[in-house]
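None of the values given here were measured: they were computed from a predicted structure.
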Amino acid sequence: MNWEPWTGCYPASDGCKYCYFYGPYSKRYGQNTIQKTDKFDWPVRVNAKGEYNIKGDKILATCFAADFFLPEADEWRREAWAMIKQRPDLEFLILTKRIDRFPVSLPPDWGDGYGNVNLGCTVENQETADYRLPLFLSYPIKRRFAACSPLLGPIDLRPYLGGLEHVTIAGEAGREGRVCDYDWVLDIREQCVAAGVTFWFKATGSQFKRDGIVQKINPYKQGSLAKELDISILNGKKLF
Ligand code: SF4
């Protein structure tokens with residue numbers, strides 16, 4: 001289940017180049033005005049009986065279609081944190097390419113982190129990994145994962161895996177999507193195996209290179225092909 005409290009965004013790094021907000025073929029082309037959505041208060045909205053619309057024990061993929069730490073959302077994020085705190089029975093899976101804004105984006109009672117927040121730092125290549133992950137690991141966060149998405153090159157994650165619970169990988173989607181090489185994916189998988197970190201190959205992206213051949217993959221098959229390759233190691237981990 002997704003919770004998108006706000007919408008609209010702008011690039012943070014090369015991985016954003018073909019984001020769904022950009023390019024004439026993009027899903028959300030022309031919609032990148034940063035504003036609250038009509039689902040802003042979704043986690044705490046109640047029905048006529050006064051019960052939460054969203055029942056407990058669920059994982060909410062939070063802000064997967066924008067960025068939780070956008071400066072334009074600073075004001076709204078205060079309320080978002082309050083809603084997150086109000087629902088300890090939900091797990092909020094938050095993804096960001098702006099982890100360097102984490103220290104200036106916290107509620108006063110954050111302490112060593114809220115137990116129901118699982119924060120994901122997105123990196124697309126070695127450069128973004130080497131900039132973002134040391135910061136990410138230095139912050140007080142109870143649960144953390146990395147998302148190599150879109151994966152644009154080989155990444156040595158080994159210096160950082162000790163502090164991560166999980167790694168997700170996906171190639172770049174969209175008509176302009178750049179090549180994702182299966183060798184990069186397998187290499188990161190091996191690093192995760194050696195470090196005892198769970199690993200999910202979520203999607204191939206639209207151009208997938210395997211055995212030296214680049215194949216165009218239909219948008220509807222990018223997830224199913226990754227699944228067919230059967231290389232994920234989840235050890236019973238529940239993803240959203
Ligand atoms: S941070 Fe995410 S939503 Fe924002 S431009 Fe980059 S890819 Fe798009």
Side-chain angles (χ1 to χ4, degrees), residues 3-22 28 32-36 60-85 91-170 172 178 188 191-192 195 197 202:
W3 175 38
E4 300 299 336
W6 44 88
T7 180
C9 203
Y10 51 88
S13 58
D14 192 33
C16 300
K17 190 168 177 186
Y18 299 118
C19 165
Y20 31 56
F21 287 116
Y22 304 102
R28 292 166 194 258
N32 55 343
T33 308
I34 299 169
Q35 54 192 4
K36 277 188 187 178
L60 281 197
T62 301
C63 237
F64 272 39
D67 196 318
F68 192 70
F69 293 111
L70 271 177
E72 288 75 2
D74 282 355
E75 212 40 52
W76 310 327
R77 196 179 314 98
R78 276 188 260 281
E79 288 175 72
W81 284 130
M83 289 188 262
I84 289 170
K85 194 168 177 204
E91 179 181 326
F92 293 83
L93 200 66
I94 301 174
L95 258 187
T96 184
K97 282 192 169 69
R98 292 175 169 83
I99 197 65
D100 50 2
R101 295 209 70 251
F102 177 84
V104 295
S105 305
L106 291 180
D109 62 352
W110 178 258
D112 59 354
Y114 290 173
N116 62 339
V117 170
N118 190 357
L119 198 56
C121 176
T122 305
V123 300
E124 63 262 28
N125 51 27
Q126 193 68 51
E127 191 190 341
T128 47
D130 290 341
Y131 171 63
R132 291 176 189 157
L133 294 176
L135 293 175
F136 187 41
L137 297 186
S138 74
Y139 300 145
I141 299 166
K142 286 215 166 117
R143 302 188 56 200
R144 352 166 186 240
F145 68 101
C148 304
S149 171
L151 183 64
L152 297 178
I155 309 181
D156 182 0
L157 284 179
R158 285 173 299 181
Y160 315 115
L161 286 172
L164 299 172
E165 241 183 52
H166 172 80
V167 173
T168 290
I169 294 198
E172 192 165 43
R178 289 161 279 184
I188 294 174
Q191 298 171 33
C192 290
V197 169
K202 185 180 176 203

A.B. asks: Tyr114 versus Pro107: any side-chain heavy-atom pair under 4.5 Å?
C.D. replies: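 Yes; the side chains approach each other to less than 4.5 Å.
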A.B. asks: Using the test side chain to side chain contact (heavy atoms under 4.5 Å, CB included), find all partners of Asp14 that sit at least two apart in sequence or belong to another chain.
C.D. replies: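 Asp14 satisfies side chain to side chain contact (heavy atoms under 4.5 Å, CB included) with Lys17, Glu124, Leu152, Arg178 once adjacent residues are dropped.
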A.B. asks: Salt bridge (charged side-chain N to carboxylate O under 4.0 Å, His left out) with Arg143: which residues, sequence neighbours excluded?
C.D. replies: Glu91, Glu165
A.B. asks: Do side-chain atoms of Trp110 reach the backbone of Pro103 as a donor and acceptor pair under 3.5 angstrom?
C.D. replies: no
A.B. asks: Between Ser13 and Arg132, does any side-chain donor sit less than 3.5 Å from a side-chain acceptor?
C.D. replies: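 Yes, because at least one side-chain N or O of Ser13 sits under 3.5 Å from a partner of the opposite role on Arg132.
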A.B. asks: If you apply the rule side-chain contact (heavy atoms from CB on, under 4.5 Å), what do you find for Val197 with Leu157, and how did you get there?
C.D. replies: CA-CA 11 Å; Val197 169; Leu157 284 179; over 6 Å; no
A.B. asks: Decide yes or no on side-chain contact (heavy atoms from CB on, under 4.5 Å) for Ile94 and Asn118, but give the supporting numbers first.
C.D. replies: CA-CA 6 Å; Ile94 301 174; Asn118 190 357; over 6 Å; no
A.B. asks: In this structure, is the centre-to-centre distance between the rings of Trp81 and Phe68 below 6.0 Å?
C.D. replies: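 Close enough - the centres of the two rings lie under 6.0 Å apart.
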A.B. asks: For a quick test of reading the model, state the closest non-hydrogen atom pair linking Ile188 to Cys148 and the distance between them.
C.D. replies: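 Nearest pair, atom of Ile188 first, then Cys148: CD1-SG, 4.3 Å.
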A.B. asks: Go through the steps for Leu119 and Phe102 under the test side-chain contact (heavy atoms from CB on, under 4.5 Å), then give the verdict.
C.D. replies: CA-CA 10 Å; Leu119 198 56; Phe102 177 84; 3.7 Å; yes
A.B. asks: Could you tell me which non-hydrogen atom of Ile84 sits nearest to which non-hydrogen atom of Asn116, and how far apart they are?
C.D. replies: O-ND2, 2.9 Å
A.B. asks: Do Pro11 and Cys19 have side-chain heavy atoms sitting under 4.5 Å apart?
C.D. replies: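 Contact flag for Pro11/Cys19 side chains = no.
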A.B. asks: Provide the closest heavy-atom pair for Cys9 versus Leu70 in the form atom of the first, atom of the second, distance.
C.D. replies: SG-CD2, 4.0 Å
A.B. asks: Kindly state each residue pair satisfying salt bridge (charged side-chain N to carboxylate O under 4.0 Å, His left out) with at least one member in residues 105-117, sequence neighbours excluded.
C.D. replies: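 Salt bridge (charged side-chain N to carboxylate O under 4.0 Å, His left out) check on residues 105-117 returns Lys85-Asp109, Asp112-Lys142.
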A.B. asks: For Tyr160, give me all partners under ring-ring contact (aromatic ring centres under 6.0 Å, His included), at least two apart in sequence or on another chain.
C.D. replies: none
A.B. asks: List the steps and the verdict of side-chain contact (heavy atoms from CB on, under 4.5 Å) for Leu137 and Leu164.
C.D. replies: CA-CA 8 Å; Leu137 297 186; Leu164 299 172; 4.1 Å; yes
A.B. asks: Any donor and acceptor pair, going by atom type alone, linking the side chain of Arg144 with main-chain N or O of Gly120 inside 3.5 Å?
C.D. replies: no
A.B. asks: Is there a donor-acceptor pair under 3.5 Å between the side chain of Trp6 and the backbone N or O of Asp67?
C.D. replies: yes
A.B. asks: Check Ala12 against Cys16 and note the closest heavy-atom contact, atom names and distance.
C.D. replies: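 Shortest heavy-atom contact: N-SG, 3.2 Å.
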A.B. asks: Could you pull out all residues at least two apart from Asp100 that satisfy salt bridge (charged side-chain N to carboxylate O under 4.0 Å, His left out)?
C.D. replies: none
A.B. asks: Any side-chain heavy atom of Val167 within less than 4.5 Å of one from Leu161?
C.D. replies: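 When only atoms from C-beta onward are counted, Leu161 and Val167 do touch, with a gap below 4.5 Å.
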A.B. asks: For Val123 versus Ala129, what's the shortest heavy-atom pair and its separation?
C.D. replies: CG1-CA, 3.7 Å
A.B. asks: Where do Gly8 and Ala66 come nearest, in terms of heavy atoms and distance?
C.D. replies: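 Taking Gly8 first and Ala66 second, the nearest heavy atoms are O-CB, 3.7 Å.
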A.B. asks: If the condition is side chain to side chain contact (heavy atoms under 4.5 Å, CB included), which residues does Pro154 pass it with, not counting sequence neighbours?
C.D. replies: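 So Pro154 forms a side chain to side chain contact (heavy atoms under 4.5 Å, CB included) with Trp184.
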A.B. asks: Identify, with sequence neighbours excluded, every residue that meets side-chain hydrogen bond (donor to acceptor under 3.5 Å, both in side chains) alongside Asp156.
C.D. replies: Arg158
A.B. asks: Just to verify, what does Ala82 make a side chain to side chain contact (heavy atoms under 4.5 Å, CB included) with, not counting sequence neighbours?
C.D. replies: none
A.B. asks: List the steps and the verdict of side-chain hydrogen bond (donor to acceptor under 3.5 Å, both in side chains) for Tyr10 and Glu72.
C.D. replies: CA-CA 11 Å; Tyr10 51 88; Glu72 288 75 2; 2.9 Å; yes
A.B. asks: Please name all residues satisfying side chain to side chain contact (heavy atoms under 4.5 Å, CB included) with Leu95, sequence neighbours left out, ordered by chain then number.
C.D. replies: Phe64, Thr122, Phe145, Ala147
A.B. asks: Mind checking what makes side-chain hydrogen bond (donor to acceptor under 3.5 Å, both in side chains) contact with Asp74, not counting sequence neighbours?
C.D. replies: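 Applying side-chain hydrogen bond (donor to acceptor under 3.5 Å, both in side chains) to Asp74 gives Arg77, Arg101.
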A.B. asks: List the residues meeting side-chain hydrogen bond (donor to acceptor under 3.5 Å, both in side chains) with Tyr139, not counting sequence neighbours, and say none if there are none.
C.D. replies: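 By the side-chain hydrogen bond (donor to acceptor under 3.5 Å, both in side chains) rule, Tyr139 matches no residue at all.
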A.B. asks: Just how far is it from atom OG of Ser149 to atom NZ of Lys97, taken to the nearest 0.5 Å?
C.D. replies: 6.0 Å
A.B. asks: Listed by chain and number, what are the side-chain hydrogen bond (donor to acceptor under 3.5 Å, both in side chains) partners of Glu127, not counting sequence neighbours?
C.D. replies: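 side-chain hydrogen bond (donor to acceptor under 3.5 Å, both in side chains) check on Glu127 returns nothing, list empty.
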